[in-house]
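One structure is given here, and the rest of the page talks about it.
When a residue number appears, it is its place in the shown sequence, counting from 1. FYI, side chains are in, hydrogens and waters are out, and symmetry mates aren't considered; it's all heavy atoms of this structure. None of these values were measured; they are calculated from a predicted model.
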Amino acid sequence: MAARVLPSSLLVAAAVAVAALMAMAVAAADSTSDNIQPLSTLRLQATQVEMDSGAVIHASPDVLGKNGEDSAWVTVNFTAPAPSAGHWVALFSPADFGLSVGAGAGTNAAAGGEGPAAGLPTAPIKYMFANISPSFMSSGSGNMSFLVINQRSDYAFGLFSGGKDNPKLIAISNKISFANPKAPVYPRLSLGKEWNEMAVTWTSGYNINEAYPFVEWKMKGEESPKRAPAGTLTYTRRHLCGKPANAEGYRDPGFIHTAFLKNLWPNREYSYQIGHELPDGTVVRGKSSTFRAPPFPGQDSLQRVVVFGDMGLGQRDGTNELAGFQPGAQVTTDRLIKDLPNYDAVFHIGDLSYANGFLAQWDQFTAQIEPIASRVPYMVASGNHERTFHDTGGFYTGNDSRGECGVPAETYFYVPAENRGKFWYAADHGMFRFCVGDTEHDWRPGSEQHAFLERCFASADRKHQPWLVFAAHRPLGYSSNDFYAAEGSFAEPMGRALQGLWQKHRVDLAVYGHVHNYERTCPVYENTCMDGRSKDDGKGSYSGTMGGTIHVVAGTGGAKLRDYSAGPWPQWSVARDKSFGYVKLTASDHSSLRVEFIHSDDGAAHDAFNITRDYKDVLACTVDSCAPHSMAS
């Protein structure tokens, strides 16, 4: 039968409806208080200089990292006349921030803006209210401790009155700095484009014309290390797409280096150390660390992978009021550090740092995950808080990245993509094939990404890599989160356009972030549980032919948790958990996969299921999974 051609008026109406749905999704996901970066609540443009001779602030020690440390605790002592709840202390870098307060005062009319020009054009790295110090309100004097990391410049603290709405700079501390501000810091591993390759990325203050970046590495038991050269990238304000990222939130990112360690032996342990060779032959070294090389694709051995989204930045010193912004970030980080011996790789599927245009937070985030990322591959995906910014070629028109438009994430982290500006890629880890999607770019049939995903799924040799996993940020499958329920979609609008691919290629699992809770489905296809083919044993375990893909939402890394929809559960929703945690996949052999949801607070599995099946079950046809075939024998 000939295809029916819709009138143009209906096509336009349909397009408008789709756009409205997408706009609702953006607004719902980004209008809540849990998406407000605390630094953005400071009215920097209203800052005035009112230096007070009675106000004093002092930081110690003056020199940090004398023994090569990349972080240090700094004690800040301060005194202010007439103490109030509106006094606060902030860390700035570079240290001469006070010189720019009120620069260009007047109006923004010439630049097309409205109202007064920025009183303080540079945001602090972090801040705390003075009344955190117990004695401040009664005596006017107090002290607090800041955890300061090496970010390639000197630092100073500012003491402010007037609260966040009308800040007045009343005192500036002495300058402090690291012994070597340019030192190489925060190594992070990732899988390379070949199975026997590991990428090592780090940050430093050395441009390529100042020093030659390298990684020194060797297999355990070898005597002499090898050197692998590194490439160097950076970005500037002109790479960024809008405010605050290219304005008050901008901070020089330094230089990001990546080296590739090749021809690794599967499962062997290696040691490595990042470094730079200066023109005079002097070598500056960073921390040394170890990793275990990935297994050969299809190798039959114990393999364990962690997956989660939406972690953000924690702070051990209590700064930035992050307890309300990403209350679980630190506890999840600490749990992952403690559990390091029990997994082999991490997939952080979007919404990484939640810097939201305040770029100093990216250094803070890479420092936070360094104990993890320096030991196991730390693979990332692109989320709305990394990429989405209006009129920049993305699939959504919101402003969730606050001007970043993907630039910091795509520079700070290496992924084995054909084009790092398009964050989709394949990653093999033994018996696993991961096809990582980029939900901030079009994924629908006919798109470049759809073609990639087809190739990624189709090229997996399922007799050797039986466990096929799709991972992406926004839930393109199933989620009964409250804002999706309000739209009536229970998924990202148009997300299930990939459902045909998942079914055709028998994708075992689809794992998402974006929604800040945990949920898993039955093996589902077109809103229908296919348990009849999957032989659910009533305990959340499945054997035999998989009738559909199991979808797991795990945006539980640390950002403020979200509610589910009210009313009865959709029939495909079989487990929910509003807790911080991560998903752990354990393949013990080619026939057995265990999936667990691990709570960050106690490290225990609070939901789990098993998939048990043989290769014949992978080949077997289920609904819409096989091409037409002959009945002839």
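- Under the 30°/60° scheme for interplanar angles, the aromatic rings of F160 and W88 are found to lie parallel.
- Using a 4.0 Å cut-off between charged side-chain N and carboxylate O, D334 and R316 make a salt bridge.
- In this model, no donor atom of one side chain and acceptor atom of the other lie less than 3.5 Å apart for Y512 and E492.
- Distance check, rounded to the nearest 0.5 Å: CD of Q368 to OG of S353 gives 9.5 Å.
- S161 and K168 form no side-chain donor-acceptor contact under 3.5 Å, judged by distance and modelled atom types alone.
- R420 places a side-chain N or O within donor-acceptor distance of the main-chain N or O of E410, the cut-off being under 3.5 Å.
- The nearest pair of heavy atoms linking A554 to V307 is CB-O, 4.4 Å.
- Not one N or O on the side chain of N207 forms a donor-acceptor pair closer than 3.5 Å with the backbone of G254.
- Using a 30° and 60° split on the angle between ring planes, H514 and H473 fall in the perpendicular class, above 60°.
- Ring-plane geometry between H385 and Y354 is classed as tilted, the angle between the planes lying from 30 to 60 degrees on a 0 to 90 degree scale.
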Practice item. Take Q364 and Q151 through the test side chain to side chain donor-acceptor pair (under 3.5 Å) and record every step on the way to the result. Key: CA-CA 9 Å; Q364 299 282 321; Q151 292 185 260; 2.8 Å; yes
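- A salt bridge links R562 to D482: at least one charged side-chain nitrogen sits closer than 4.0 Å to a carboxylate oxygen.
- In this structure, F347 and F434 have parallel ring planes: the angle between them is below the 30° cut-off, well short of the 60° mark.
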Review point. Would Y212 and Y206 satisfy ring-ring contact (aromatic ring centres under 6.0 Å, His included), going step by step from the backbone distance to the final call?
Key: CA-CA 8 Å; Y212 304 104; Y206 293 112; over 10 Å; no
**Study point:** Derivation and outcome, side-chain contact (heavy atoms from CB on, under 4.5 Å), residues F483 and D563
**Key:** CA-CA 9 Å; F483 60 76; D563 289 325; over 6 Å; no
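- No side-chain donor-acceptor contact under 3.5 Å links T332 to the backbone of A329.
- A salt bridge is defined here as a Lys NZ or Arg NE, NH1 or NH2 lying under 4.0 Å from an Asp or Glu carboxylate O, and K287 with D70 meets this definition.
- Annotation: K66, atom NZ; neighbour count of heavy atoms from other residues, nucleotides and ligands within 6.0 Å does not exceed 12.
- Using a cutoff of 4.0 Å between basic side-chain nitrogens and carboxylate oxygens, E404 and R387 are not scored as salt-bridged.
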Exercise for review: Output, in order, the C-alpha distance, side-chain angles, deciding distance and verdict of side-chain contact (heavy atoms from CB on, under 4.5 Å) for K560 and D310.
Suggested key: CA-CA 9 Å; K560 189 175 180 180; D310 305 73; over 6 Å; no
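- Contact check for F413 versus L352: side-chain heavy atoms found under the 4.5 Å cut-off.
- Salt bridge present: E440 and R474 bring a charged side-chain N and a carboxylate O closer than 4.0 Å.
- S93 and R251 share a side-chain donor-acceptor pair at under 3.5 Å.
- Taking the six-membered ring where the residue is Trp, F308 and H348 present tilted rings, their angle falling between 30° and 60°.
- The heavy-atom pair separating A409 from W362 by the smallest distance is CB-CH2, 3.8 Å.
- Panel note: side chain H441, backbone D438; no donor-acceptor pair is recorded below 3.5 Å.
- Using cut-offs of 30° and 60° for the angle between ring planes, the F255 and H257 rings count as tilted.
- No side-chain donor from either of Q361 and Q37 sits under 3.5 Å from a side-chain acceptor of the other.
- Distance check: N517 CG to F580 CZ gives 11.0 Å after rounding to the nearest 0.5 Å.
- Taking every heavy atom of both residues into account, A367 and P371 meet most closely at O-CD, 3.8 Å.
- Between Y414 and F260, the ring centre distance stays below 6.0 Å.
- Looking at D62 and K175, no side-chain N of the basic residue comes within less than 4.0 Å of a carboxylate O on the acidic one, giving no salt bridge.
- More than 12 heavy atoms of other residues, nucleotides or ligands lie within 6.0 Å of CG in N209, so this atom counts as buried by the packing criterion.
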Exercise for review: Begin from the C-alpha positions of H429 and D344 and carry the test side-chain contact (heavy atoms from CB on, under 4.5 Å) through to its verdict.
Suggested key: CA-CA 9 Å; H429 186 82; D344 312 308; 3.6 Å; yes
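- Here the closest non-hydrogen pair linking A85 and F129 is O-CD2, 3.6 Å.
- Remark: I372 CD1 to L336 CG distance equals 4.5 Å, nearest 0.5 Å.
- Remark: side-chain polar atoms of S374 are paired, donor with acceptor, to backbone N or O of E370 under 3.5 angstrom.
- Looking at every heavy atom in both residues, S145 comes nearest to T75 through OG-OG1, 4.2 Å.
- The backbone N or O of P377 sits nowhere less than 3.5 Å from a side-chain atom of S190 that would complete a donor-acceptor pair.
- Between T201 atom OG1 and I274 atom CD1 the span is 10.0 Å, to the nearest 0.5 Å.
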Review point. Can you list the steps and then say if L240 with F389 is a side-chain contact (heavy atoms from CB on, under 4.5 Å)?
Key: CA-CA 10 Å; L240 301 159; F389 191 77; over 6 Å; no
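- A distance-only check finds a donor-acceptor pair linking the side chain of R335 to the backbone of S600 [under 3.5 Å].
- Put simply, the side chain of Q273 gets close to the backbone of G286: a donor and an acceptor are under 3.5 Å apart.
- Atom-to-atom distance recorded for Y127:OH and T319:OG1 is 9.5 Å, nearest 0.5 angstrom.
- One distance of note links CD of Q48 with CD1 of I170; it measures 13.0 Å at 0.5 Å rounding.
- In the displayed structure, Y235 atom OH is contacted under 6.0 Å by more than 12 heavy atoms of other residues, nucleotides or ligands.
- Using a distance-only test at 3.5 Å, with no hydrogens or angles considered, a donor-acceptor pair links the side chain of R43 to the main chain of D165.
- When only modelled atom types and interatomic distance are considered, T388 and S401 share no side-chain donor-acceptor pair under 3.5 Å.
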Practice item. Any chance you could lay out the side chain to side chain donor-acceptor pair (under 3.5 Å) test for S204 and K182, step after step, and finish with the verdict? Key: CA-CA 5 Å; S204 85; K182 293 189 174 187; over 6 Å; no
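- Remark: side-chain polar atoms of H58 are not paired, donor with acceptor, to backbone N or O of N77 under 3.5 angstrom.
- Remark: E210 CD is packed, more than 12 non-hydrogen atoms of other residues, nucleotides or ligands lying under 6.0 Å away.
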Point to revise | Worked verdict on S579 versus D577 for side chain to side chain donor-acceptor pair (under 3.5 Å) | key: CA-CA 6 Å; S579 303; D577 194 335; 2.6 Å; yes
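- Residues D317 and K126 are paired through a salt bridge, judged by an N-O separation under 4.0 Å between the basic side chain and the carboxylate.
- Between P187 and Y272, the closest heavy-atom pair is CB-OH, 3.9 Å.
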